[in-house]
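Working notes for the structure below.
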Amino acid sequence: MPRYEALKGLYDIEKTIGCGGFAKVKLATHVLTGGKVAIKIMEKSCLGKDLHRVKLELNALKNLFHAHICKLYQVLETETHFFIVTEYCSGGELFDHIVERNRLSEQQSRKFFREILSAVAYLHSLGYAHRDLKPENILLSGDQSLKLIDFGLCAKPDGGIQSPLTTSCGSPAYAAPELVMGKPYCGGEADVWSMGVLLYALLTGSLPFDDDKIDSLYKKILSGKYYEPLYLSKASRDFIKLMLQVDPKKRLTIDALLSHSWITVNGLLEPVEYKPETNMIKDMECVKLMASHQRVPVEKLWEDLKKWKYDYNTATYLMLCFRKELGVSLRLNVNR
Ligand SMILES: [NH3+]CCCOc1cc(-c2cn[nH]c2)ccc1C(=O)Nc1ccccc1
């Protein structure tokens, strides 16, 4: 296994847990806390035009704090590599979770869809569109909650989420008709279409629009016609149809999704919240533990942490906050 000098003493690399195009993802241990992390490793010489995607992803991830978005811990850059350290999601990809079960029940699909909806509504509230929503980019954490990853295609147009985008990107089977036609499109509306495809995949274990030939696939997407299995409830069929509207202006908005009757089971559940409640912004118990370990004044360390530099201090602080939220004892390896 190649040794990455930049990680020496900070993270112990264990095994590869994912590969995608220009990156490989390794499971590693954060040395100071013993906690597990995922490290996305990219060799700059292999990035080419994808360098832009890495910078997009980093700029997005640094601003995102949400229970269902894979948390960024640290960014390391050397002459030859980028290392993106994130929380570790031990449950693997949602894609595999669906395949193993053939398809999910309406209740399980609703639980997962509510979490994805919360993450996407949060992204949109900050002016970002994800643009590559699919089960391969959604992971399960140890407690079976969902975490969105891969922000390499996300966009934050200057004029806000409603202003038009022109880059055609994402995975064809999840791509909205307006994107497929190469017309200027609104990232938020295209994300809602992809969420409709995603919900169909959760409930049926298959894709509404699928074909080996790309031009046949595009024709099916543009037709907006897809097979509705008889086992789908009327409520599920109606809800999916509201997202898979070929005309983006007829498509349900993300705000309307939050309180839709399928989401709340006709009022049985609360509408989906997307504003994150987290004490991760300031947890002085974690700061005090780090300050005593480093033998520095608490206020001095907090002044440094408040800058969110995404250095090893940020990673250690966030690891401690996550472990505290899980009820795990807070400790730092003193001999490090
Ligand atoms: N389809 C996902 C493969 C694994 O990829 C990841 C896993 C984790 C992960 C695993 N456990 N916890 C977090 C965190 C990030 C990624 C990721 O961004 N992968 C990727 C995306 C685009 C291009 C190349 C690679």
Side-chain angles (χ1 to χ4, degrees), residues 4 7 11-30 33-77 81-100 112 115-116 119 123 128-155 167 169-174 194 197-198 201 207 310 315 318-319 322-323 325-326:
Y4 298 106
L7 303 179
Y11 301 95
D12 293 334
I13 289 190
E14 292 170 34
K15 61 177 180 175
T16 298
I17 50 177
C19 282
F22 53 84
K24 68 179 85 162
V25 183
K26 300 272 188 183
L27 171 64
T29 299
H30 175 264
T33 61
K36 297 298 179 195
V37 296
I39 305 183
K40 187 169 165 181
I41 302 171
M42 291 158 280
E43 195 167 346
K44 287 182 174 177
S45 60
C46 303
L47 283 176
K49 63 178 177 30
D50 285 316
L51 177 63
H52 172 60
R53 278 186 66 170
V54 174
K55 296 206 186 295
L56 263 181
E57 179 166 33
L58 289 175
N59 290 336
L61 281 174
K62 286 179 176 176
N63 298 307
L64 302 177
F65 289 82
H66 190 279
H68 300 299
I69 292 177
C70 192
K71 187 68 196 101
L72 176 69
Y73 286 156
Q74 184 174 359
V75 177
L76 297 98
E77 181 178 356
H81 288 83
F82 281 108
F83 301 91
I84 300 181
V85 185
T86 70
E87 72 175 293
Y88 173 55
C89 307
S90 58
E93 292 183 8
L94 177 61
F95 179 88
D96 298 321
H97 184 87
I98 298 169
V99 168
E100 283 156 24
F112 281 161
E115 293 177 354
I116 298 160
L123 274 177
Y128 291 103
H130 187 278
R131 298 201 297 175
D132 199 13
L133 293 171
K134 58 184 180 180
E136 296 88 330
N137 284 341
I138 298 169
L139 304 176
L140 284 96
S141 64
D143 65 355
Q144 296 295 293
S145 76
L146 296 189
K147 304 280 181 175
L148 201 45
I149 59 165
D150 187 3
F151 292 79
L153 290 176
C154 83
T167 314
C169 54
S171 309
Y174 292 80
S194 301
V197 177
L198 197 54
L207 292 168
Y310 286 98
L318 289 171
M319 290 294 292
F322 265 62
R323 291 166 80 85
E325 274 186 12
L326 291 176

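What you are looking at is a predicted structure, and each value in this text was computed from that prediction instead of being measured. Indexing begins at 1, ligand by ligand and atom by atom, following the structure's order.
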Legend entry - side-chain contact (heavy atoms from CB on, under 4.5 Å) partners of D96, counting only residues at least two apart: E93, E100
Legend entry - Protein heavy-atom partner closest to atom 23 (C) of ligand 1 - residue, atom, separation in Å: G20 O, 3.6 Å
Legend entry - Nearest non-hydrogen protein atom, atom 8 (C) of ligand 1: L139 CD1, 3.6 Å
Legend entry - Aromatic centroids of H97 and F112 separated by under 6.0 Å: yes
Legend entry - Minimum-distance protein heavy atom relative to atom 12 (N) of ligand 1: C89 N, 2.8 Å
Inset, instruction - Give the residue, atom name and distance (to 0.1 Å) of the protein heavy atom nearest atom 16 (C) of ligand 1. - result: I149 CD1, 3.5 Å
Legend entry - Check: E93 N/O within less than 3.5 Å of ligand 1 N/O: yes
Legend entry - Residue and atom name of the nearest protein heavy atom (relative to atom 25 (C) of ligand 1), distance in Å to one decimal: K40 CE, 3.7 Å
Inset, instruction - Give a yes/no on ligand 1: does K147 have at least one heavy atom closer than 4.0 angstrom to it? - result: no
Inset, instruction - Could you find the nearest protein heavy atom to atom 22 (C) of ligand 1 and give me its residue, atom name and distance? - result: D150 OD2, 3.2 Å
Legend entry - For atom 5 (O) of ligand 1, closest protein heavy-atom neighbour: V25 CG2, 3.6 Å
Legend entry - Minimum non-hydrogen distance to atom 14 (C) of ligand 1, winning option of T86, N137, L27: T86
